[in-house]
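Have a look at the structure below, then the notes.
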Amino acid sequence: MESAFDEQKRLERAKKRVKKIKGFYSHLLVYVVVNTMIVIINIQNLGPGESYFQYENFFTLFFWGLGLAVHGLSVFLPNFILGKNWEERKIKEIMDRDKKHWN
């Protein structure tokens, strides 16, 4: 049977996870809105016969996209990269090390 403490811990982990997911979706929304505006502005500023497909028109889209991809991986694949319950294990490891150091 699960104790109230365990239930509280699960609730806190769930809240933290939802906050991370919400942060990613907010980041994604801002990325889409800002880059859409940049594309529209760049198209309006094209000279006659000038192609949109120039590297400077994709600079922000590409590098911000890389950052967004890393953010997404950190939110949706942490167990794949760090293993299950990595945070709890790391916290326990640091607390044990501090306990030995201060005693």
Side-chain angles (χ1 to χ4, degrees):
M1 183 177 224
E2 190 171 49
S3 70
F5 177 74
D6 290 336
E7 180 69 23
Q8 182 65 28
K9 242 173 105 172
R10 284 185 340 109
L11 176 63
E12 290 303 317
R13 276 197 309 264
K15 284 181 178 180
K16 191 174 181 181
R17 178 102 173 101
V18 167
K19 186 176 180 179
K20 287 180 180 182
I21 293 169
K22 182 180 175 186
F24 172 75
Y25 285 129
S26 296
H27 187 182
L28 178 62
L29 178 64
V30 171
Y31 173 82
V32 169
V33 169
V34 169
N35 281 290
T36 300
M37 290 174 14
I38 289 172
V39 167
I40 291 169
I41 290 168
N42 286 342
I43 289 173
Q44 290 175 344
N45 290 330
L46 286 177
E50 187 179 10
S51 173
Y52 179 76
F53 297 100
Q54 302 169 37
Y55 77 93
E56 58 266 1
N57 289 337
F58 296 96
F59 193 78
T60 303
L61 186 75
F62 178 75
F63 287 105
W64 190 355
L66 285 177
L68 183 64
V70 169
H71 186 179
L73 290 173
S74 74
V75 169
F76 295 108
L77 292 179
N79 291 340
F80 178 74
I81 296 168
L82 299 173
K84 193 172 182 179
N85 299 323
W86 176 83
E87 278 187 34
E88 287 84 10
R89 288 193 321 265
K90 196 64 174 174
I91 289 169
K92 183 177 179 341
E93 175 190 321
I94 291 170
M95 288 175 65
D96 290 346
R97 193 175 344 146
D98 285 352
K99 185 178 178 181
K100 288 177 187 174
H101 178 73
W102 293 106
N103 287 331

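From a predicted model like this one, the values you see are computed outputs, not experimental measurements. All values below were derived from every heavy atom in this structure, side-chain atoms included, with hydrogens, water molecules and symmetry-related copies excluded.
Atom CG of Leu46 and atom CD1 of Ile41 lie 12.5 Å apart (nearest 0.5 Å). Tyr25 OH to Leu28 CG: the interatomic distance, rounded to the nearest 0.5 Å, is 8.0 Å. A distance of 6.5 Å separates CZ in Phe76 from CZ in Arg17, rounded to the nearest 0.5 Å. Separating the CG atom in Leu68 from the CG atom in Asn35 is a distance of 9.5 Å, to the nearest 0.5 Å. One finds the OG1 atom of Thr36 at 9.5 Å from the OH atom of Tyr31 (value rounded to the nearest 0.5 Å). Here CD1 of Ile38 is found 12.0 Å from CD1 of Ile43. Values are rounded to the nearest 0.5 Å.
With hydrogens and angles disregarded, a donor-acceptor distance shorter than 3.5 Å links the side chain of Glu50 to the backbone of Gly47.
Between Glu93 and Arg97, at least one side-chain nitrogen of the basic residue sits less than 4.0 Å from a carboxylate oxygen of the acidic one, meeting the salt-bridge criterion.
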Practice task
Decide yes or no on side-chain contact (heavy atoms from CB on, under 4.5 Å) for Leu29 and Val33, but give the supporting numbers first.
Solution key: CA-CA 6 Å; Leu29 178 64; Val33 169; 4.1 Å; yes

Practice task
Might you work through the side-chain contact (heavy atoms from CB on, under 4.5 Å) test for Phe5 and Arg10, ending with a clear yes or no?
Solution key: CA-CA 9 Å; Phe5 177 74; Arg10 284 185 340 109; over 6 Å; no

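At most 12 heavy atoms of other shown residues, nucleotides or ligands fall within 6.0 angstrom of atom OH in Tyr55.
Ring geometry, Phe58 versus Phe53: the interplanar angle falls under 30°, so the pair is classed parallel (tilted spans 30 to 60°).
Taken together through direct or relayed side-chain contacts under 4.5 Å among Ile, Leu, Val, Met, Phe, Trp and Tyr, Val75 and Val30 form part of one hydrophobic cluster. Cluster annotation: Phe24 is connected to Val34 through the hydrophobic network of ILVMFWY side chains, with a link wherever side-chain heavy atoms come within less than 4.5 Å.
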